[in-house]
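Here is the structure we will look at, set down as structure tokens.
Scope of the values below: all heavy atoms of this structure, side chains included, with no hydrogens, waters or symmetry mates.
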Amino acid sequence: MTTLTSVRVDSIVTGERTRQEFRNVESLARSIADRGLLSPINVRLDESGQKILVCGGRRLRAVQSLGWERVPALVMDDDMDELEALLAEGEENTEREPFTPAEAVRHRQRIHAVEAKAAKKRQDEGREHAHESRRLGSSNLDEPSPDDSALASLGFVKDDAPLGIKYRERDHKTEAERTTRHRTAKATGFGATTLDKAQEVIEAAESTMTPEPVREVAREAAKALEKPGAKVDREYRAYREAVAKTNPDVRAANYRKALTQALTRAGDLASYEPDRVIEVADDSLIRTIRDTCEQIARWSDDIDKRRSGGLRVVNGGKQ
């Protein structure tokens, strides 16, 4: 349940935050002073009744700088309310300060944690509901079967079984992961694959299991990802290159990938019809085709000779 109310600014506790620093608070404060606070901040009540900030940190900082004693707030006491607030955190007043890649990763991790907590709660409630239905069913054969829509809302789906109807838990993990990837992309402004790359870099930088030469590169890349406008692909590429330098298996895999791509491009030549090539190609292009094919043939012959003269690598092993 979510309640809109007015709360004292000094009663709000800043808990876990997606943003590690708040940028452009001054311009947001000017906007609020001119137009008012268009979106309430979001807080949740903890076990002791304290109001913990969920989202709206920039708005809170802005109204503090304006000297406000009270602020409109949506007070949540439900995991799903908190989840929806996290998914909508990007919208702050009339301005939006985009997440940096690192902030987007942290925000996705917070959403994952809340979704997992909510899913577990649904499953626990569903188990209790199903257990109670079975207990009543065994003691009273006239008892109506459980309401399918109610059980579905609790995380259970109906199966046809040889001896009647049974209920099983929905695969929440698969559904949650699929939904979360789409919704977090919308909530953070970054695609799911981009966030995966950024998260891999950040986790490598934080992990003591990462080899030190690689970890140093990952640290520098993670530091860059904290900045607005950071290029995730560039930092990820630098990190993967460092991994390849220290891991021969990764180097070999990258080499095989590049070779496969080159062969695929070369194989595309066969899709050009010879009669059409003769019709449109001049002498210079014909010579280029002949030279290229001769180079590929010499390269292939060289590979065959080397393989027949020594050990042959097959699927990562030797023959």
Side-chain angles (χ1 to χ4, degrees), residues 12-32 39 41-43 52-65 82-83 85-116 180-246:
I12 300 170
V13 177
T14 302
E16 181 184 1
R17 298 295 305 139
T18 295
R19 294 192 189 276
Q20 300 302 299
E21 60 178 273
F22 297 96
R23 299 177 294 276
N24 299 328
V25 173
E26 296 81 3
S27 61
L28 179 60
R30 287 194 297 271
S31 174
I32 293 174
S39 299
I41 64 171
N42 298 84
V43 300
I52 310 298
L53 182 67
V54 174
C55 62
R58 289 180 67 239
R59 281 168 282 174
L60 181 61
R61 291 290 184 93
V63 299
Q64 285 174 331
S65 71
E82 182 177 357
L83 174 61
L86 286 171
L87 289 167
E89 183 174 350
E91 302 300 329
E92 293 202 350
N93 215 56
T94 58
E95 300 180 12
R96 174 171 178 168
E97 179 66 23
F99 286 131
T100 68
E103 289 172 345
V105 168
R106 288 191 290 270
H107 196 61
R108 182 171 71 165
Q109 290 171 333
R110 291 178 66 198
I111 291 172
H112 282 175
V114 174
E115 274 202 328
T180 298
R181 285 179 69 81
H182 172 74
R183 298 183 75 185
T184 50
K186 184 177 180 181
T188 62
F190 288 88
T193 301
T194 300
L195 287 178
D196 289 341
K197 292 177 180 178
Q199 183 166 338
E200 184 178 340
V201 170
I202 292 169
E203 289 178 349
E206 294 174 349
S207 173
T208 57
M209 301 299 291
T210 305
E212 196 50 47
V214 177
R215 193 178 183 191
E216 182 58 32
V217 174
R219 285 196 196 99
E220 289 301 314
K223 186 177 178 181
L225 294 178
E226 293 283 0
K227 299 176 182 178
K231 304 297 183 184
V232 175
D233 280 340
R234 182 180 63 194
E235 303 304 333
Y236 180 75
R237 198 160 47 243
Y239 159 70
R240 294 304 302 177
E241 287 172 358
V243 171
K245 288 179 182 177
T246 60

The test is side chain to side chain contact (heavy atoms under 4.5 Å, CB included); show your working for R108 and D196 and say whether it passes.
CA-CA 10 Å; R108 182 171 71 165; D196 289 341; 3.0 Å; yes
Taking all atoms of both residues into account, what is the closest heavy-atom pair of [X] and [Y], and its distance?
{"X": "V201", "Y": "A221", "answer": "CG1-CB, 3.6 Å"}
{"X": "V105", "Y": "A198", "answer": "CG2-CB, 3.6 Å"}
{"X": "V217", "Y": "A238", "answer": "CG1-O, 3.6 Å"}
{"X": "F99", "Y": "A104", "answer": "CB-N, 4.0 Å"}
{"X": "L195", "Y": "P101", "answer": "CD2-O, 4.5 Å"}
{"X": "T246", "Y": "P213", "answer": "CG2-CB, 4.4 Å"}

Any donor-acceptor pair under 3.5 Å from [X] side chain to [Y] backbone:
{"X": "S65", "Y": "A62", "value": "yes"}
{"X": "T210", "Y": "R215", "value": "no"}
{"X": "R59", "Y": "I32", "value": "no"}

Can you name the one residue among E241, E200, K231 that meets side chain to side chain donor-acceptor pair (under 3.5 Å) with Y236?
E200
Working note: R106 + E226, criterion salt bridge (charged side-chain N to carboxylate O under 4.0 Å, His left out); need CA distance, chi angles, decisive distance, verdict.
CA-CA 11 Å; R106 288 191 290 270; E226 293 283 0; 2.9 Å; yes
Residue among T14, V25, L28 satisfying side-chain contact (heavy atoms from CB on, under 4.5 Å) with R61
V25
Just to verify, which of L53, V54, I52 counts as forming a side-chain contact (heavy atoms from CB on, under 4.5 Å) with N42?
V54
Could you give the distance from [atom1] ([X]) to [atom2] ([Y]), rounded to the nearest 0.5 Å?
{"X": "K245", "Y": "R240", "atom1": "NZ", "atom2": "CZ", "answer": "13.5 Å"}
{"X": "T100", "Y": "H107", "atom1": "OG1", "atom2": "NE2", "answer": "12.0 Å"}
{"X": "I12", "Y": "L60", "atom1": "CD1", "atom2": "CG", "answer": "5.0 Å"}
{"X": "E235", "Y": "K227", "atom1": "CD", "atom2": "NZ", "answer": "9.0 Å"}

Apply salt bridge (charged side-chain N to carboxylate O under 4.0 Å, His left out) to the pair R219 and E216, showing each step before the final yes or no.
CA-CA 5 Å; R219 285 196 196 99; E216 182 58 32; 3.0 Å; yes
